[in-house]
Amino acid sequence: MAELDSNDAFIDTNKLIFGIGQVQQITGVSGRQLRYWEEQGYIQSISQKKGAAREYSLHTLFFIFHVTRFLNNGFTLQAAVDRAKKFDRQLPVLRQFLRAQLQGVNIDDDQSVLDFGYVDSSHTQRIYGVVKDGETFFRIENVD
DNA sequence: TTTCTGACA
DNA sequence: TGTCAGAA
């Protein structure tokens, strides 16, 4: 059985910083493009001053990655950026919901179960998310 | 060596 | 957008 403890401290992602060379390697986007995108206001680098080397946050790295994905799917740069931004806004909501609702994860040989806690304040039913044979579905069980 | 800015046979 | 130059 594996449990998720929301009190665990994870890596401070704000301290994960990438140089333009690293971003090129990871995302495949050229330095020329990255500078152009920044010039156009599509992306932002950490305190871009004078002729100093650009640094990108992990968040920006993810953003750039998403933009390229949409770009590869035929979207224009502007459209790709808009999509990436929309996707970005969903992440905090997903995180908040999971952090608040996910009580734990049970991993067995045949299936994995996500415990989402009680259905409502009556505490008479509990809802689980099941991952089994490549399928996912919910299961509600009565609590006695 | 890497990155920066500006420019374009 | 790529690529080259000249500088940092």
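The structure presented is a predicted model; accordingly, all values stated were derived computationally and were not measured. Both backbone and side-chain heavy atoms feed into the values below; hydrogens, waters and symmetry mates do not. In what follows, chains carry the letters A, B, and so on, assigned in the order in which the sequence lines appear, proteins first and then strands, with residues in each chain numbered from 1.
- The interatomic distance linking Tyr42(A) (OH) with dT1(C) (P) rounds to 10 Å, in whole Å.
- Taking 4.5 Å as the limit, some side-chain heavy atom of Val81(A) sits within range of a side-chain heavy atom of Phe63(A).
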*asked:* Protein within reach of the bases, or only the backbone? For nucleotides 3-9 of chain B, mark each nucleotide 5' to 3' as B, S or -, using heavy atoms under 4.0 Å.
replied: SSB-B--

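- Between the P atom of dT3(C) and the CG atom of Leu34(A) lies a distance of 15 Å, rounded to the nearest Å.
- Between Ser45(A) and Thr60(A) the shortest side-chain heavy-atom distance does not fall below 4.5 Å.
- At a threshold of 4.5 Å between non-hydrogen side-chain atoms, the residues Phe62(A) and Leu91(A) do not count as touching.
- For the pair Asp120(A) (side chain) and Ser122(A) (backbone), a donor-acceptor distance under 3.5 Å is present.
- Looking at heavy atoms from C-beta onward, Val67(A) lies in side-chain contact with Leu77(A) at the 4.5 angstrom threshold.
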*asked:* Let me check I have this right: for DNA chain C, each base becomes ., (, ), [, ] or |, based on Watson-Crick or G-U pairs with both distances under 3.5 Å. What is the full string?
replied: .|||||||

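- Contact of the Leu114(A) side chain with the Val105(A) side chain is registered, since non-hydrogen atoms from C-beta on lie closer than 4.5 Å.
- Between Tyr118(A) and His123(A), the ring planes are parallel. Angles under 30° get that label, and only those over 60° would be called perpendicular.
- Every pair passing side chain to side chain donor-acceptor pair (under 3.5 Å) that includes a residue from residues 77-89 of chain A is listed here, sequence neighbours excluded: Tyr42(A)-Gln78(A), His59(A)-Asp88(A), Gln78(A)-Asp82(A).
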